[in-house]
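Heads up: the structure comes next, in C-alpha cells.
Numbers restart at 1 for each chain; the letters A, B, ... are given by sequence-line order, proteins then strands. Quick caveat: nothing in here was measured; it's all calculated off a predicted structure.
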Amino acid sequence: MSHLLKHTADVEIEVSGRTLRELFTNSLDAMCDILKEGGCKTISHYDCSMQVVVSADDCTSLLIDFLSEVLSLSNIQKSLFCSVYFSELTENKVEAQLYGIWFDQFDREIKGVTYHEARVKKNDQNNWETHIIFDI
Amino acid sequence: MKKVEKKDILKIEDFLWEIPKSFRNNMHVPAWILASEILLDDIMEDRSLNQLVNVACLPGIKKASLVMPDVHEGYGFPIGGVAATSHPTGAISPGGIGYDINCGVRLLSSQLQIEDVKDQLEDLVHELNKEIPTGLGKGGTIRLSQEEMENVLAIGAEWAVEHGYGTLEDLEYIESKGKLADASPKAVSAMAKNRGHDQLGTIGSGNHFVEVSYITEIFDDSIAKTYGLRKGQVTVMIHTGSRGLGHQVATDYIRLMMTAMAKYDVKMPDRELACVPFDSPEGQNYFKAMCAAANYAWCNRQLITWEARNAWARIFGKENGALKLVYDVAHNIAKIETHSINNELQKVIVHRKGATRAFGPGFNELPKKYIDAGQPVIIPGSMGTFSYVLAGTSKSHELTFGSCCHGAGRNLSRTAAKKVVNAPVLKKQLQEIGILVEGSYRGIAEEAPIAYKDIELVVDTVSASGIAKKVAKLRPLGVIKG
C-alpha cells in the first residue's frame, strides 16, 4: 500500500507492506505510477525482462538503491517495470527479475530516488513501512 | 530534531536574517536567510530552514549557510541554498548540487519586436514544439557514439560548436565558456553515459521549458544596452540541465559517499547531505564527474539553441536574423572560486543548489562586453508570470558568495497544484491573455502560476538587498513545457 504526502517541490510517498517483499513491490508499483499513472494497470504482456542485484549496508539503503537501479533501467530501456520476482531478498541484498513494457513517453521524469527521510522500519502493526521522496 | 521557529531568527539587516550557530550544537556556522519579512513567513511554512541548519553542519563550511528568497524545501539541501566550504580539505556534497547537475537557464535575443511576431506566434510555438523534443523517454535526433560522448563530457558546448551547432561567439556568452576543464569522462559511469547517449537537444520534463517572451520594461538603460536588450524585443529562454546522465552521476556518487563518509569520520544529520573531503579520492572523482555532467548540460542547451534557431528561421526567414545568445548561467553546480571571508581572500568550493551565480563588474571570465556591467542573471518566472534579467553586483560577493536567486520558487506541492488547477481552463485563460502553452495537462497543472511564489517579491528582495540589480522584465508569449 502507498499514498502521496505533501511535499513542496517533489513527490513524497508513504509506503508499507506486511513483508519486506511486499514493501519492495509496493514501492516499485508506486514509482511506476509516478512515471506513468495507471501505466501498469492494463497490460496484457511483457516486452522485456532484466535482472537486478543490489547490496547495501542496511535495509533503507537497499530499498532506495534498488529503486534507483530500476529507475536507471527504466530510462535506458524506455520501459515500465510493472512486475518483479525476488529470487533473494534480505535486509542487505536483493536479487530480482524485472518484467517490463516499453513506453515511448512517461508522464513524469524522476531525477532521483532520495534517501531523505527514508527509514525502513516495522510499525506498531508489525508491518514494514517507510517514506520515500522522489526528486521530480 | 528541534524545529526552527520565528523566535530563533535574528534580523541582521534589512532583508537578512540569521539563525545563530548556537541554535544547534552541531552547526559550524550560522544560517543566513535573504528575504523580506513577508517571504520569511512564507518560507517558515515548510521545512526549508531546518534543512538550512543541517547544511551549516557541513565540514569546512565558511561564514554561513545561505538561502535565497525563492527557497523551498528540497531533500538534504533546501532548493535555493548556497554553501561554501574551504578548499581543498572542506566537504563536497553531491546533495548540495542536486540530481540535475548544471540545470540552468539561457536567454536568446532576437532582432524582432513584439509587433513583428504576434501574427505568427502560434506558428512559432508550434514549430518550436515540433523541433525540440520534450518529456521523458523521448530521445533527441543525435545519437552519440562512445567517442563522441567522451568528447562532449570533456569539452561541453565546444563540442556542439565544433560540429556546427553554434558559433564561437556563443561560447563567449556561457558561464565558464560552457566547459569545466576539471571534467573527466572516466569518472562517469557506463550507466550514466548510456542514459545520456540519445538525450542531447532535449528538454526533459518537470519545470523545464522553452519560452518565447518579450521585454515589457527596462530598468537600467545602460546595462540593457550592453546586454543587447530593448523594450518590445522578443526573446527565447531555455531551462533544462544534464538530463539522465547528470541524474545518474548524482545517484552513483551519493551512494558511494554514504559508504565513504565513515572512512573520513564524517557524520551528517541527513543522508542526502552525504559528503567527503574535496581532496579525498572519492571527492575528486565526484568533482570530475560533476564537471563532466555540467559540460553535457551546456552542450545540451547549445543543441536546443540550434533547434530553436532552426524553428525561428523557418517561421521568420534568415533575413530576420539569428537568435543571439545573451547569457547562459547554471543554477545547480559546485565551483572553485575565491571570495573574501573575514577580509581575507580564500579559495572555496561554492555549492549552488537552485541558486544562480551573480558576479559583479570586473570579473575576468565575463565577456569583454559585459565586464563593466556585471554578469547577466536570468530569473525565470512561472508560465503565466514575468521573468527578469538582472545584473550581478559586488555586494553579492560580500554577502552571498556571488550568488542570487534562481526563480520564483514553489509554494504549492505538485499534488496540491493538480487539485486546485483545471489545466484545460488554465490553458484557455492563458491563451486569452496572449500566452500560448504547449504541454501535457498534467505538466501545465503542476507548473501553474499558482504553484509558485510571487516573483515580484523575490526579485524586489534581491534587488533591494543589493546582490543584483534589475535590468529588464520579460512577459511570456508562448511556452513549451517539458
Side-chain angles (χ1 to χ4, degrees), chain A residues 3-13 34-39 52 54-58 60-80 101-120 131-136, chain B residues 45-48 51 72-76 78-79 95 98-100 103 134-139 189 191-192 194-195 197-199 204-208 241 243-244 246-248 250-252 254-255 258-259 262 270-274 354 409-416 440 442-443 446 451 482:
Chain A
H3 65 270
L4 285 170
L5 299 168
K6 187 186 164 206
H7 190 281
T8 316
D10 300 307
V11 174
E12 181 169 7
I13 61 163
I34 294 167
L35 287 171
K36 184 85 187 169
E37 197 173 341
V52 287
V54 179
S55 300
D57 291 340
D58 58 65
T60 301
S61 299
L62 188 72
L63 175 61
I64 302 302
D65 293 351
F66 166 72
L67 293 174
S68 293
E69 194 72 12
V70 179
L71 179 66
S72 303
L73 293 172
S74 296
N75 281 287
I76 290 167
Q77 301 292 325
K78 307 205 181 345
S79 297
L80 202 58
I101 43 170
W102 292 322
F103 260 98
D104 286 339
Q105 186 91 353
F106 293 145
D107 292 337
R108 277 205 189 102
E109 180 164 42
I110 297 176
K111 293 174 183 166
V113 188
T114 79
Y115 300 92
H116 183 59
E117 295 187 351
R119 193 165 154 242
V120 174
H131 285 209
I132 305 170
I133 296 176
F134 297 92
D135 181 5
I136 301 294
Chain B
E45 295 286 311
D46 68 17
R47 293 172 289 185
S48 312
Q51 295 182 342
H72 58 79
E73 183 182 344
Y75 42 86
I79 313 296
Y99 284 86
D100 195 0
C103 185
T134 58
L136 175 67
K138 216 182 237 184
S189 70
M191 182 86 98
N194 208 343
R195 285 180 70 171
H197 88 283
D198 65 347
Q199 290 190 324
S205 65
N207 60 357
H208 295 163
R243 310 286 284 104
H247 309 167
Q248 190 65 43
T251 300
D252 292 340
I254 290 172
R255 192 185 296 179
M258 281 211 315
T259 319
D270 187 323
R271 286 180 188 229
E272 283 291 321
L273 289 174
R410 284 194 82 93
N411 67 358
L412 264 192
S413 72
R414 289 166 203 278
T415 319
S440 68
R442 172 196 296 275
E446 289 183 354

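No side-chain donor from either of A:Glu109 and B:His208 sits under 3.5 Å from a side-chain acceptor of the other.
Between the CD atom in B:Gln248 and the NZ atom in A:Lys111 there is a gap of 15.0 Å [rounded to 0.5 Å]. Remark: A:Asp58 CG to B:Met258 CE distance equals 7.0 Å, nearest 0.5 Å.
Smallest separation of non-hydrogen atoms from B:Arg414 and A:Ile136: NH2-O, 3.6 Å. What you find for A:Ile110 and B:His247 is that their closest heavy atoms are O-ND1, 4.3 Å. Minimum interatomic distance between B:Arg271 and A:Thr60 (heavy atoms only, all atoms of both residues): NH2-CB, 4.0 Å. Closest approach of A:Tyr115 and B:Ile254 over heavy atoms only: CE1-CG2, 3.6 Å.
Heavy atoms of A:Ser74 lying under 4.5 Å from chain B are absent altogether. Residue contact with chain B, scored on non-hydrogen atoms closer than 4.5 Å, involves the side chain of A:Asp57 exclusively. Interface remark: B:Arg442 contributes side-chain atoms only to the contact with chain A (heavy atom separation under 4.5 Å). Neither the backbone nor the side chain of B:Ser440 has a heavy atom closer than 4.5 Å to any heavy atom of chain A.
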- Message: Show, in sequence, the C-alpha distance, side-chain angles and deciding distance for A:Asp135 and B:Glu272, and conclude whether the side-chain contact (heavy atoms from CB on, under 4.5 Å) test is met.
- Response: CA-CA 12 Å; A:Asp135 181 5; B:Glu272 283 291 321; over 6 Å; no
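Between chain A and the options B:Asn207, B:Thr251, B:Asn194, the largest number of non-hydrogen pairs under 4.5 Å is found for B:Asn194.
If you run side chain to side chain contact (heavy atoms under 4.5 Å, CB included) between B:Tyr75 and each of A:His116, A:Glu12, A:Glu117, only A:His116 comes through.
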